Colleague: 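Once you've had a glance at the structure underneath, I'll fire off some questions.
All of these numbers come straight from a predicted model, not from anything done at the bench. Whatever order the structure lists them in is the order used to number ligands and atoms, beginning at 1.
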Amino acid sequence: MSYILVTGGAGFIGSHVVKELLRQGYQPVVYDNLQTGHRKAIGDAPFVKGDLADREKLKETLQSYPIQAVIHFAADCLVGESVENPVKYFKNNVRKGIHLIEIMEEVGINKIVFSSSAAVYGEPHEIPITEEHPCLPTNPYGETKWIFERVLQTLFKTGKMNSISLRYFNAAGADPEGELGEDHRPETHLIPMVFRAALNNSSVPILGTDYDTPDGTCIRDYIHVSDLSHAHLLALKKLEEGRFAGAYNLGNGNGYSVKEVIKVVSRVTGKRIGVIESARRPGDPSRLVASSAKIKRELGWAQKYPGLGTIIDTAWQWFCKHPEGYHD
Ligand code: UFG
């Protein structure tokens, strides 16, 4: 059995990947400081409560299990917060990532799947965005992801590390079996914010109505978290084959505006949703839509849940059963 260290494995995407690893016969070992993750989201998988800054604990964890590769999620991931507090992002996403790499080198582990982001591209020149698009992030969060990708590219060139960076567009939805879902505190993501408004008969802010898009609101590409999870397993298998480094987009290929998302939520939930037209959120690009042709072609990735209605429906099922989140 292959042991895989999953940093940030108690988070939204991490916990879905842990479930998929178990399903496919891997043994995930979760390393998470539980600052934003949830212990209840990882079930019985071996768990170490630790921060990447704690080198001793990290090293001890990597030596206590026969770890063969790392999937690295642990990071801060809010665009707006990164604009307000960029140092926090450089510290947590870059410096602590380097700690991880350093210790992986010390114990002789040379495979890593890195949780990158569409935020590396910045304001796109072309839609859909392919991996050849220039990386010019427009916010510190995207900058930290791009810096770390370049660290990994350099370590590959020098023969030290094999890596796959997965550039997620907007992860959404929830485990179709209803065991896992999205529980961010504070919540800032669009779909759960709209759910909250639907459930509380309150209104959701639309952050910017003057973008250069057909209805003036931002366009994003929402991808089901289970489809995203599956891609991590394909990336691991690719790294198991031998020396490799690469970056892949992961999106749906369809862009939906904020107003369109609100309409679909309204249809799926059967609720009327009030909106407040508000100012733009600094750092938000107007339009992000992925081409995922490369990962389909090279790793054989395919989507099981491509429709926005299904993505929202799985998330809504979980949200209705867990209006207070994981309760931990
Ligand atoms: N939005 C609103 N109202 C809200 C919340 C969000 O109008 O209450 C808008 C945002 O301005 C944005 C869109 O809805 O235009 C989506 O916002 P999210 O916060 O749900 O997601 P982001 O696109 O900002 O960010 C997500 C991930 C990041 C990742 C990024 C890649 O959270 O980690 O996608 O583009 F970097």
Colleague: Just to verify, what does Arg23 make a side-chain contact (heavy atoms from CB on, under 4.5 Å) with, not counting sequence neighbours?
Modeller: Glu20

Colleague: Where does Val258 meet ligand 1, judged by heavy-atom distances below 4.0 Å: at the side chain, the backbone, both, or neither?
Modeller: side chain

Colleague: Looking at ligand 1, would Tyr256 count as a contact under a 4.0 Å heavy-atom criterion?
Modeller: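 No.
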
Colleague: Suppose I only count heavy atoms of Cys218 and a 4.0 Å limit; which atoms of ligand 1 are within that range?
Modeller: 15 (O)

Colleague: Whether Arg167 and Glu149 form a salt bridge (side-chain N of Lys/Arg under 4.0 Å from carboxylate O of Asp/Glu) is what I want to check.
Modeller: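 Salt bridge between Glu149 and Arg167, a charged N being under 4.0 Å from a carboxylate O: yes.
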
Colleague: Would Tyr141 count as a polar contact of ligand 1, with the cut-off being nitrogen or oxygen pairs under 3.5 Å?
Modeller: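 In this structure, Tyr141 places an N or O atom under 3.5 Å from an N or O of ligand 1.
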
Colleague: With atoms numbered from 1 as shown, which atoms in ligand 1 lie under 4.0 angstrom from a non-hydrogen atom of Ile206?
Modeller: 7 (O)

Colleague: Quiz question: by atom type and distance under 3.5 Å, do the side chains of Glu81 and Tyr89 form a donor-acceptor pair?
Modeller: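 Present: a donor and an acceptor within the cut-off.
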
Colleague: Kindly indicate whether a cation-pi arrangement holds for Arg287 with Tyr211, taking the cut-offs as under 6.0 Å to the six-membered ring centre and within 45° of the axis.
Modeller: no

Colleague: What protein heavy atom lies closest to atom 5 (C) of ligand 1? Include the residue and the distance to one decimal.
Modeller: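 Scanning the protein heavy atoms, the shortest distance from atom 5 (C) of ligand 1 goes to Thr188 O, 3.2 Å.
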
Colleague: Is the closest N or O pair between Tyr222 and ligand 1 shorter than 3.5 Å?
Modeller: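 In fact, backbone or side chain, Tyr222 has no N or O that close.
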
Colleague: Can the positive tip of Arg243 be found less than 6.0 Å from the middle of the six-membered ring of Phe156, inside 45° of the ring normal?
Modeller: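 Output yes; distance and angle both within limits.
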
Colleague: Is there at least one pair of N or O atoms, one from Cys77 and one from ligand 1, spaced under 3.5 Å apart?
Modeller: yes

Colleague: When you measure from atom 21 (O) of ligand 1 to each heavy atom in Val79, Asn170, Val261, which option holds the nearest one?
Modeller: Asn170

Colleague: State plainly whether the residues Lys238 and Glu241 are in salt-bridge range, i.e. N to O under 4.0 Å.
Modeller: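 Judged by the 4.0 Å cut-off on N to carboxylate O distance, Lys238 and Glu241 do form a salt bridge.
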
Colleague: Out of Ser203, Pro137, Pro205, who is nearest to atom 8 (O) of ligand 1 when you count heavy atoms only?
Modeller: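 Heavy atom nearest to atom 8 (O) of ligand 1 belongs to Pro205.
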
Colleague: Mind jotting down which residue pairs meet the side-chain hydrogen bond (donor to acceptor under 3.5 Å, both in side chains) criterion with at least one end in residues 66-77? Sequence neighbours excluded, please.
Modeller: Ser2-Gln68, Thr7-His72, Asp76-Asn92

Colleague: Ignoring hydrogens and angles, state whether a donor on the side chain of Tyr121 or Asn249 is under 3.5 Å from an acceptor on the partner side chain.
Modeller: yes

Colleague: Return the option from Pro192, Ser286, Ser117 holding the heavy atom at the smallest distance from atom 30 (C) of ligand 1.
Modeller: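 Of the listed residues, Ser117 has the closest heavy atom.
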
Colleague: Is the number of heavy atoms from other residues, nucleotides or ligands within 6.0 Å of CZ (Arg280) greater than 12?
Modeller: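 For Arg280, atom CZ is crowded (more than 12 foreign heavy atoms under 6.0 Å).
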
Colleague: Are any of the N or O atoms of Ala118 closer than 3.5 Å to those of ligand 1?
Modeller: no

Colleague: Starting from atom 7 (O) of ligand 1, find the nearest protein heavy-atom neighbour and note its residue, name and distance.
Modeller: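 Minimum-distance protein heavy atom for atom 7 (O) of ligand 1 reads Leu207 N, 2.9 Å.
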
Colleague: Between Glu187 and Arg196, does the salt bridge (charged side-chain N to carboxylate O under 4.0 Å, His left out) criterion hold? Intermediate values first, please.
Modeller: CA-CA 10 Å; Glu187 189 52 82; Arg196 207 168 277 179; 5.2 Å; no

Colleague: Heavy atoms only: which of Arg287, Arg281, Arg167, His189 lies closest to atom 24 (O) of ligand 1?
Modeller: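 Considering heavy atoms of Arg287, Arg281, Arg167, His189, the nearest to atom 24 (O) of ligand 1 sits in Arg281.
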
Colleague: Please classify the Tyr121 to ligand 1 contact at 4.0 Å (heavy-atom distances, strictly less than): side chain, backbone, both or neither.
Modeller: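 Neither part.
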
Colleague: Working note: Glu277 + Lys259, criterion salt bridge (charged side-chain N to carboxylate O under 4.0 Å, His left out); need CA distance, chi angles, decisive distance, verdict.
Modeller: CA-CA 10 Å; Glu277 297 199 351; Lys259 284 187 177 167; 3.7 Å; yes

Colleague: So if I count the atoms of ligand 1 from 1 in the order they appear, which ones are less than 4.0 Å from some heavy atom of Met193?
Modeller: 8 (O)

Colleague: Say whether Leu190, considering both its backbone and side-chain N or O atoms, lies within less than 3.5 Å of an N or O atom on ligand 1.
Modeller: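 Yes, there is a polar N/O contact under 3.5 Å.
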
Colleague: What protein heavy atom lies closest to atom 11 (O) of ligand 1? Include the residue and the distance to one decimal.
Modeller: Asp284 OD2, 2.7 Å

Colleague: Would Leu288 count as being in polar contact with ligand 1, using the rule that some N or O on each side must be under 3.5 angstrom apart?
Modeller: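 Between Leu288 and ligand 1, no N or O pair is found under 3.5 Å apart.
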
Colleague: Cluster question for you: counting only ILVMFWY and a side-chain heavy-atom cut-off of under 4.5 Å, with indirect links fine, are Ile223 and Leu190 together?
Modeller: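 No, because Ile223 and Leu190 fall into different hydrophobic clusters, even though each may have its own neighbours under 4.5 Å.
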
